[in-house]
Number of protein chains: 2
Amino acid sequence: MSDSVALDPVDLHILRLLQNDARTTYRDLAAAVGVAPSTCLDRVARLRRSGVILGQQLRLDPAKLGRGLEAMLLVQVRPHRRDLIDPFVERIRGLPETRALFHLTGPDDFLVQVAVTGTGDLQRLVVDEFTARPEVARVETRLIFQQWDCGPLLPPG
Amino acid sequence: MSDSVALDPVDLHILRLLQNDARTTYRDLAAAVGVAPSTCLDRVARLRRSGVILGQQLRLDPAKLGRGLEAMLLVQVRPHRRDLIDPFVERIRGLPETRALFHLTGPDDFLVQVAVTGTGDLQRLVVDEFTARPEVARVETRLIFQQWDCGPLLPPG
DNA sequence: GTTGAAAGAGAGAGTCC
DNA sequence: GGACTCTCTCTTTCAAC
C-alpha cells in the first residue's frame, strides 16, 4: 500500500509543476514538460491511481479570515492508551481552530497547529479544549512568528 | 495588507468546497452552492485578488516517493540574531527533505518538518545539515507516528 | 505517445434586478 | 453593486492510430 512508486523524469517534472499550482492546465503542463496534453492527463491519472497524488487543496491566508494568530501546542496525553488517544484525536481534528495534528515520539505526544483570532482566543482554546480534558496532562504553547513555504516534495537522490 | 476580509455565506461555502478539492469546476461549485457558474468564477477571482486564496497545492504521499519516515526537528539557534537566522532559514527551506518550517516562541526557535527515507537518512540530515552549523546550539528529533487531515479553515464565530 | 474531433469548462459582454 | 444568461474560446477527454 505505501511502497515507493517508480517515477520517470516526465512524472517528476509534472509533480514539480503541479506542486506550485495544482490548477495548471494539462495543455500548459504538456508544453512545459514536452509531451502531448493527453499524455499529461494519462500521467496524472496514473499518479492519482497509484496514490502518489492524494488530492489538491486550496491554500488560504488565516489572517484574512480573521485568524491572525497561529500557535503550536505540544500536548502530553496520560495515560497514553488508545482508548484515550482516539477520542482526543477526533475531538481535536474537529475543532475549527485546528490546522494540523501530529502524533509524535518524545516527551510531548501530540503537536497541534492552531489558528486563532488572538491571545484571548488562544487562552480559551487551551483552557477549555485542552487542559479541561482529563487525559491531557500538560500543554505547552508556542506562538508561530513566521512560517515559510518550502520546495516541492520529490524522491530522494 | 493582512486585515480580515468580509465574506458572505456563498464565499464560505465556496471556500469549504475548494478546500476539499481545489480542482472542482465552477459548474459543480455553482450547482452545490446554488448560484450561477459565472458568479462562482467572480467570487473565486475576488477571493484571489483579496488574498484570502493564496494558491492551490498538490498533496502528495511522501511514502510513495520513497520518503517513508517523517520527523519534527526542534532547533535552537544561538545567538538568536537576524544575521544568523536568515541564512539558516534559507538553507533549511532549500533542503529537499524540508516540508515545513516555523519560527516559534519558546525554548526551541525553529520547528522543521522533514521527510526522509529512513533513520539513517534522518541521522545524516541532523548531523550534516543541522548540528554541523555553528549557529545551531541544539536539535531535538521527534518522529512522526501519524498525522491527520483537519477540517477546512474558516472564519471564527 | 500522438493526433484530432467531440464534449466540457472558463471568461467576458450585455442585461436585468 | 451583484447576479444571471448567452456566447465564444480554450481545455479536457477519448477513440483511433
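Every chain is numbered from 1 and lettered A, B, ... according to where its sequence line falls, protein lines coming before strand lines.
The side chain of B/R46 contributes an N or O atom lying less than 4.0 Å from OP1 or OP2 of D/dA3. Residue A/R43 places at least one side-chain N or O closer than 4.0 Å to OP1 or OP2 of C/dG1. Of the side-chain N and O atoms in B/R23, one or more sit less than 4.0 angstrom from OP1 or OP2 of D/dT12.
Of the candidates C/dG10, C/dT2, C/dG12, the closest approach to any side-chain atom of B/S38 belongs to C/dG12. Candidate nucleotides C/dT2, D/dT13, C/dA9 were compared by shortest atom distance to the side chain of A/V35, and C/dT2 ranks first.
Rounded to the nearest 0.5 angstrom, A/L95 CG and A/L101 CG are separated by 9.5 Å.
Side-chain contact between A/L15 and A/L153: absent, with no pair of heavy atoms (C-beta onward) separated by less than 4.5 Å.
Taking atom CG of residue A/D21 and atom P of nucleotide D/dT11, one finds them 14 Å apart after rounding to whole Å. When the P atom of C/dA7 is taken as reference, atom OH of A/Y26 falls 21 Å away, rounded to whole Å. For B/L29 and C/dA9, the CG to P distance is 12 Å, given to the nearest whole Å. Atom pair A/L41:CG and D/dA15:C1' shows a separation of 13 Å (rounding to whole Å applied). Atom CZ in B/R27 sits about 16 Å away from atom P in D/dC10, given to the nearest Å. Counting to the nearest Å, the P atom of D/dC14 and the CG atom of A/D42 are 10 Å from each other.
A salt bridge does not link B/R81 to B/E135: none of the charged nitrogens lies less than 4.0 Å from a carboxylate oxygen. A salt bridge does not link B/R124 to B/D128: none of the charged side-chain nitrogens sits closer than 4.0 Å to a carboxylate oxygen.
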